[in-house]
Amino acid sequence: MAKGEGAESGSAAGLLPTGILQASERPVQVKEPKKKQQLSICNKLCYAVGGAPYQLTGCALGFFLQIYLLDVAKVDPLPASIILFVGRAWDAFTDPLVGFCISKSSWTRLGRLMPWIIFSTPLAIIAYFLIWFVPDFPLGMERSHGFLWYLLFYCLFETLVTCFHVPYSALTMFISTDQSERDSATAYRMTVEVLGTVIGTAIQGQIVGQAKAPCLQDQNDSEVALEAVNRTQSTGSLKETQNAYLLAAGIIASVYVICAVILVLGVREQREPYEAQQAESMPFFQGLRLVMSHGPYVKLIAGFLFTSLAFMLVEGNFALFCTYTLGFRNEFQNLLLAIMLSATFTIPIWQWFLTRFGKKTAVYVGISSAVPFLILVALMKSNLIVTYVVAIAAGVSVAAAFLLPWSMLPDVIDDFHLKHPHSPGTEPIFFSFYVFFTKFASGVSLGVSTLSLDFAKYKKQGCSQPEQVKFTLKMLVTMAPIILILLGLLLFKMYPIDEEKQRQNKKALQALRDEASSSGCSDTDSTELASIL
């Protein structure tokens with residue numbers, strides 16, 4: 001980790017042996033450094049808009065799929081937990097698989113990443129729409145057929161959205177060669193992504209919230225009596241709720257397509273000069289071995305694995321927690337909107353903060369700020385005004401959790417490129433395996449959460465739940481995330497790339513790029529320079 005620190009602080013020319021410069025060491029042949037490659041605001045906005053589809057659909061699925069399966073599709077808690085876990089686990093598995101396929105892709109007129117985004121989009125929106133469709137299965141076959149239907153289309157959609165999101169995430173490294181420009185574009189992206197969650201929350205929450213899902217008042221009735229209630233009192237209301245979910249899915253799918261079109265038309269991939277000189281990409285498994293042995297990367301994903309899991313637990317159980325534990329059945333969509341709006345407005349503040357005080361400091365301050373509010377939620381009694389205040393304050397921490405991982409990952413990749421300059425095509429591996437670990441953790445959190453509710457005797461379509469269900473939801477939304485956040489922050493203490501290390505890496509990488517793009521430097525000299533750096 002300390003290897004090379006301080007060595008880059010001198011001039012780039014001081015790193016070169018005299019053999020490289022030879023007779024050309026005379027100062028008159030030294031080229032003026034190239035101007036920094038500036039991205040226009042339009043370029044950054046078009047790039048940022050591409051992050052919205054993943055957040056739109058992810059927000060809707062994360063916040064609403066669990067309660068949709070249990071109370072609208074009427075899937076039992078145990079099968080629902082299997083659907084949620086298997087779907088997210090499969091989603092996690094597809095990330096490195098897609099990363100492998102991308103690393104083997106050749107450059108085309110559209111780039112290496114854009115074709116994946118273009119061809120996955122139409123299929124993804126079809127699969128997404130069918131997740132929210134409740135088919136009329138033959139009588140007596142609803143449970144088995146419904147389980148297979150939702151499992152199939154959930155896994156299919158996660159596969160297709162991975163074919164969109166992994167190349168989009170790796171695109172960060174190909175929109176500019178300048179780290180400050182990438183950081184700025186990342187801030188734009190995070191702002192739009194949080195805005196995407198706001199739009200997703202508003203569309204899904206407000207449309208579904210207008211259709212009141214039916215609930216059963218008396219939980220002690222017999223199965224026959226409950227079935228009679230379902231048939232006579234709640235059929236119309238349930239159908240209205242199902243249609244509301246379909247309407248929301250259609251709107252989100254339309255926004256997905258619009259954002260994908262803007263991304264494809266407004267962003268152009270750019271190859272690194274030194275990568276263009278390589279004959280072919282590194283073999284996938286060789287690259288994977290190098291990536292997973294890179295210390296800063298392992299420490300970064302370990303820290304964010306725990307903090308991401310904490311926020312995923314809150315996200316997956318928030319609707320049920322507001323509905324049954326706090327008793328705000330008709331307010332949870334507005335509380336979600338308050339959290340996401342707060343996060344949207346504070347993203348620029350966190351971008352300023354990490355620029356002023358450093359990314360590691362921003363991690364400690366931003367993510368730990370959620371802990372007091374989670375404690376307050378655990379201790380307070382149901383109070384709508386206080387809950388709104390807590391929701392707005394919690395949005396500040398959500399903004400930090402959105403921005404920081406994607407802002408720090410390019411720093412790790414730059415550090416890797418300095419240590420392994422002859423390893424082109426590894427960027428998708430970095431991004432896909434980071435997403436793999438977080439999605440797998442998400443699958444575990446959703447599966448364990450729904451299974452815990454099954455053990456606590458969750459009642460489908462109940463207007464209220466037993467006390468043990470309310471207590472379980474409170475633990476899943478408060479105490480478990482607090483423990484995970486503290487563990488994640490402890491792991492961040494070992495993350496080695498601070499602001500000084502970033503400056504050293506930036507200077508050394510710029511020297512490598514200038515040398516690779518210089519026509520007066522031979523291939524042998526470039527190889528020797530890369531080895532020294």
Side-chain angles (χ1 to χ4, degrees), residues 1 44 47-48 50-51 54-55 92 95-96 98-99 102-103 113 162 165-194 272 287-288 290-309 311 347 350-351 354-355 358-363 366-367 399-420 423-442 488 491-492 494-499 501-502 505-506 509:
M1 291 178 289
K44 294 176 183 178
Y47 165 72
Y54 182 76
Q55 298 302 330
D95 281 289
V98 171
I102 292 174
S103 69
L113 305 174
T162 296
H165 188 61
V166 169
Y168 173 74
S169 299
L171 191 61
T172 306
M173 302 302 297
F174 296 96
I175 57 174
S176 175
T177 58
D178 185 76
Q179 178 59 48
S180 61
E181 287 296 297
R182 293 201 302 250
D183 282 345
S184 176
T186 299
Y188 276 79
R189 170 190 167 185
M190 292 301 109
T191 302
V192 172
E193 286 196 357
V194 177
E272 287 278 14
L288 177 60
L290 288 175
V291 168
M292 298 310 296
S293 62
H294 189 56
Y297 180 65
V298 173
K299 294 178 176 64
L300 182 70
I301 61 174
F304 277 118
L305 179 64
F306 284 97
T307 56
S308 298
L309 181 55
F311 287 100
I347 281 281
W350 283 119
Q351 176 63 21
L354 68 86
T355 304
K359 296 177 183 179
K360 286 188 72 173
T361 304
V363 167
I367 294 180
F402 262 95
L403 175 64
L404 291 168
W406 300 109
S407 181
M408 297 171 76
L409 199 51
D411 298 335
V412 172
I413 297 175
D414 284 344
D415 186 74
F416 176 85
H417 281 158
L418 283 173
K419 292 180 173 62
H420 306 281
S423 55
T426 54
E427 292 86 358
I429 300 177
F430 276 98
F431 286 97
S432 62
F433 270 86
Y434 169 73
V435 178
F436 164 79
F437 287 114
T438 55
K439 285 182 177 180
F440 187 81
S442 172
L491 289 170
F492 275 119
M494 298 183 290
Y495 179 68
I497 302 179
D498 55 16
E499 299 307 300
K501 181 66 173 175
Q502 285 180 46
N505 287 350
K506 181 178 180 180
L509 272 174

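Only heavy atoms go into these numbers, but all of them, side chains included; no hydrogens, no water, no symmetry mates.
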(message) Taking Arg189's backbone N and O only, do any of them form a donor-acceptor pair with Tyr47's side chain (distance below 3.5 Å, no angle check)?
(response) no
(message) Looking at Leu305, is its backbone amide N or carbonyl O close enough to the side chain of Ser308 to form a donor-acceptor pair, meaning the two atoms are under 3.5 Å apart?
(response) no
(message) To the closest 0.5 Å, what do you measure between CD1 (Ile367) and CZ (Phe304)?
(response) 5.0 Å
(message) Please find the pair of heavy atoms, one from Ser184 and one from Lys44, that lie closest to each other, and give the distance.
(response) OG-NZ, 2.9 Å
(message) So which atom in Leu113 and which in Ala170 form the shortest heavy-atom distance, rounded to 0.1 Å?
(response) CD1-C, 3.9 Å
(message) Within this structure, what is the CD1-NE2 distance for the pair Ile413 and His294, rounded to the nearest 0.5 Å?
(response) 9.5 Å
(request) State, to 0.1 Å, how close Pro296 and Asp415 come at their nearest heavy-atom pair, and which atoms those are. (result) CG-OD2, 3.8 Å
(request) Could you grab the distance from atom NZ of Lys360 to atom CG of Leu354, nearest 0.5 Å is fine? (result) 14.5 Å
(request) Over 60° means perpendicular and under 30° means parallel, so classify the ring planes of Tyr495 and Phe492, tilted if in between. (result) perpendicular
(request) Mind checking the CD1-CZ spacing from Ile301 to Phe430? Nearest 0.5 Å is all I need. (result) 10.0 Å
(request) Kindly compute the distance separating CE (Met494) from CG (Leu300), expressed to the nearest 0.5 Å. (result) 11.5 Å
(request) Go through the steps to decide whether Leu290 and Phe416 satisfy the test side-chain contact (heavy atoms from CB on, under 4.5 Å), and finish with yes or no. (result) CA-CA 9 Å; Leu290 288 175; Phe416 176 85; 3.8 Å; yes
(message) Does the plane of the ring in His165 sit parallel, tilted or perpendicular to the ring in Tyr54? Use 30° and 60° as the thresholds.
(response) parallel
(message) Which heavy atom of Lys501 sits nearest to which heavy atom of Pro496, and what is that distance?
(response) CB-O, 4.4 Å
(message) For a quick test of reading the model, state the closest non-hydrogen atom pair linking Phe311 to Ala401 and the distance between them.
(response) CE1-CB, 3.7 Å
(message) Nearest 0.5 angstrom please: Asp411 CG to Ile497 CD1, how far?
(response) 6.0 Å
